[in-house]
Amino acid sequence: MNDTQHAFDRAALARVWRLTRAYWTSEERISAWALLIIVLAGNFTLVYLTVRLNTWYRGFYDALQNYNASAFWAALGTFGILASVFILVSGTRYLLRMWLRIRWRTWLTRRYQGAWLQNKAFYRMKLIGSAVDNPEQRIADDLNSFTEQTMTLVFGLVNSVTTLVSFSVILWGLSSTLPLTIGDTQFHIPGFLFWGALVYAVLGTWLTHRIGHALIPLNFQQERVEADYRFNLMRLRENLESVALYGGEQVEDGRLRTRFRRVIDNYHRLIIAGFKVDMFNAGYSQVSVIVPYLTVAPFYFATKMPFGQLMQIGNAFNRVQDAMSFFIDSYQNIAAWRAVTLRLTQFTEALESLEARIDDISQVERSSAPRPQTEALGIRRPDGEALLDGLDLELQPGESLLISGASGSGKSTLLRTLAGLWPYARGKVHLPGDGVLFVPQKPYLPIGTLREALLYPQQQTVSDDALQAVLAEVGLERLAGQLETVEDWQQTLSGGEQQRVAFARILLRRPRWLFLDEASSALDEPSEQALYALLRARLPETTIVSIGHRSTLAAFHRRRLQLDGRGGWQLADVPA
């Protein structure tokens, strides 16, 4: 293995350690460690009971060989006690282990979900071209897989090490006085059965890695193509009407088939790699069953060893061999775990580096001020092409401003910059600390009750009468009786009705500074004029900044900011 590979492994282990230790050093560390210690104690108890059962094997089979009925029934009574305790401890350990896993996953989900949503990271990551694909899948699925697989592997490793130590002592003692017999030659090697199990397991581990090393990148790729296919299905669901109106069923079917083909193609490669590992493991496990009996068979058939000792040696050898073969048996699980941890560490690094990357891009100084204001504000595209240069703008309470220009001239990008979403900018932006509301062209309506959709994102207490009155004002009287109805309102309501809901939110929140990004574009002109007149009548002190293409909007604004999309701009009063 070269130095680069060593460095990669060390770096990978360091990232996994950072990913793992966060929970175990968090505010929940005391309860987490307490549960972990109890579960580990259960593991040690089960290993102890397994050692006791190994000793039981000798007495039980000796009783069978000697036709000793009383010893046989006594051995069965001992087995009943040991088995009962084993079952009780195993069940309790399972419950506590699952409880610990749920707590760990809950903590990680809150942490990652919070970091993804904090400071609009979910939007900004996509905006700056982050290499992390499908972050929602990493939160929902990868965190679940990570906690499950990590605990499975850790407890499996602890159990294997404990079993190895316990049964190595037994196996060493059982073979300490037995010579290794090959043909007619005898070799006196203390504990040769232990050394044989060790060599057998090391050789098997090396061969397994040689055969199945491709599983790690294949598992990583499988997670990626599965997430990509799932995302495109969700995207189709979110745009059902558009696809249906365009008649794009066959095109979408072809696109989805292409993505699903990638899933199946990679899965075929996974199957082939897994088949090789599984076939080797099957042969390895079958051979390991007979190896100890072949080794000590000469002593048994020479009547120098009782049947019970033969069975005890076989059981102890297989326990030691199984413990040493942990990496062989778990190789495919380790490969899947490695892929999941790689995806999560990539996500972690993307989140942690986001602010630094934004700071490298953005040259905007932001501060709080009594009213919105920009100084020498310049905005550019990601490729560096200028959209707006040197904008000096100050908004007064109660005034209205219409931002106009050709499509692609930077109107919506200006609002994104003011809101702190667009990083490709320089200059100064001053905004009030509260009372500011940005309304997009397509409002987001969460799946839930109509009440929740109207009050989103704030969920303050508002009476039914007040909500019904607002619905009537914006032309949605037919929905007045459906406040507690749960629907996917994004799919249920038309584009114009969704924008009416957005105007209802404005009336409910009563912002002092309102920015509308073509928020009435799906409405007919009379409806648009009625809603703007409603805003002016109900919110006379609110400053309204609108983006729109219709000439009829000019009647509701006192000033116009015209953008040419090449950096130029012109601010003038709207003729009366």
Side-chain angles (χ1 to χ4, degrees), residues 366-377 388 391-405 410-421 427-441 443 454-455 457-458 460 462 466 469-470 472-475 499-521 523 525-563 569-576:
R366 306 186 65 86
S367 63
S368 179
R371 60 181 62 90
Q373 183 181 359
T374 67
E375 298 180 36
L377 181 63
L388 184 65
L391 176 63
D392 295 312
L393 177 67
E394 184 175 359
L395 300 175
Q396 302 297 328
E399 79 161 311
S400 53
L401 173 69
L402 177 63
I403 302 176
S404 58
K411 302 183 298 299
S412 297
T413 306
L414 172 57
L415 258 60
R416 295 189 190 107
T417 304
L418 295 177
L421 298 180
K428 295 182 180 180
V429 173
H430 310 286
L431 275 184
D434 55 13
V436 179
L437 179 61
F438 289 87
V439 181
Q441 180 178 3
L454 286 169
L455 298 177
Q458 301 176 344
Q460 68 270 32
V462 179
V470 167
E473 285 183 298
V474 299
Q499 291 189 336
R500 290 178 186 273
V501 170
F503 275 85
R505 289 174 177 171
I506 296 169
L507 295 176
L508 290 168
R509 288 187 59 174
R510 303 184 65 84
R512 294 177 56 202
W513 314 94
L514 178 61
F515 297 84
L516 303 171
D517 185 2
E518 298 192 58
S520 58
S521 59
L523 296 165
E525 288 189 6
S527 297
E528 180 182 63
Q529 293 173 7
L531 288 175
Y532 265 91
L534 178 63
L535 290 183
R536 286 277 57 133
R538 291 285 305 278
L539 306 175
E541 297 182 0
T542 296
T543 296
I544 299 177
V545 178
S546 302
I547 292 176
H549 293 281
R550 292 174 180 166
S551 58
T552 51
L553 282 178
F556 298 95
H557 299 83
R558 298 176 185 173
R559 291 198 293 169
R560 182 196 298 270
L561 176 63
Q562 183 77 27
L563 308 182
W569 57 276
Q570 184 177 4
L571 182 64
D573 292 334
V574 175

Is a donor on one side and an acceptor on the other found under 3.5 Å between the side chain of [X] and the backbone of [Y]?
{"X": "Arg560", "Y": "Val574", "result": "no"}
{"X": "Gln499", "Y": "Ser521", "result": "yes"}
{"X": "Ser546", "Y": "Leu516", "result": "no"}
{"X": "Lys411", "Y": "Gly405", "result": "yes"}
{"X": "Asp392", "Y": "Ala376", "result": "yes"}

Do [X] and [Y] have side-chain heavy atoms sitting under 4.5 Å apart?
{"X": "Leu561", "Y": "Trp569", "value": "yes"}
{"X": "Leu418", "Y": "Phe515", "value": "yes"}
{"X": "Glu518", "Y": "His549", "value": "yes"}
{"X": "Arg538", "Y": "Ile506", "value": "no"}
{"X": "Leu535", "Y": "Leu507", "value": "yes"}
{"X": "Trp513", "Y": "Arg371", "value": "yes"}
{"X": "Glu394", "Y": "His430", "value": "no"}
{"X": "Pro457", "Y": "Arg509", "value": "yes"}

What distance do [X] atom [atom1] and [Y] atom [atom2] have between them, rounded to the nearest 0.5 Å?
{"X": "Leu534", "Y": "Ser527", "atom1": "CG", "atom2": "OG", "answer": "12.0 Å"}
{"X": "Thr417", "Y": "Arg366", "atom1": "OG1", "atom2": "CZ", "answer": "8.5 Å"}
{"X": "Ile544", "Y": "Leu437", "atom1": "CD1", "atom2": "CG", "answer": "11.0 Å"}

Partner residues of Arg550 under the side-chain contact (heavy atoms from CB on, under 4.5 Å) criterion, sequence neighbours left out: Glu525, Glu528, Thr552
Test side-chain contact (heavy atoms from CB on, under 4.5 Å) applied to Arg558 - qualifying residues, sequence neighbours left out: Ser400
Side chain to side chain contact (heavy atoms under 4.5 Å, CB included) between Leu531 and Leu523, intermediate numbers included: CA-CA 10 Å; Leu531 288 175; Leu523 296 165; 3.3 Å; yes
Worked check of side chain to side chain contact (heavy atoms under 4.5 Å, CB included) between Thr542 and Arg510: CA-CA 8 Å; Thr542 296; Arg510 303 184 65 84; over 6 Å; no
Full working for side chain to side chain contact (heavy atoms under 4.5 Å, CB included) between Val462 and Val470: CA-CA 11 Å; Val462 179; Val470 167; over 6 Å; no
Geometric class of the Phe556/Tyr532 ring pair [parallel <30°, tilted 30-60°, perpendicular >60°]: tilted
Modelled atom types, side-chain donor and acceptor of Thr543 and Glu399, under 3.5 Å: no
Exceeds 12 heavy-atom contacts within 6.0 angstrom, atom CD of Gln460: yes
From Thr374, Ile547, Leu393, Leu388, residue fulfilling side-chain contact (heavy atoms from CB on, under 4.5 Å) relative to Leu414: Leu388
Asp573 and Arg559: CA distance, side-chain angles, deciding distance, side chain to side chain contact (heavy atoms under 4.5 Å, CB included) verdict: CA-CA 4 Å; Asp573 292 334; Arg559 291 198 293 169; 3.4 Å; yes
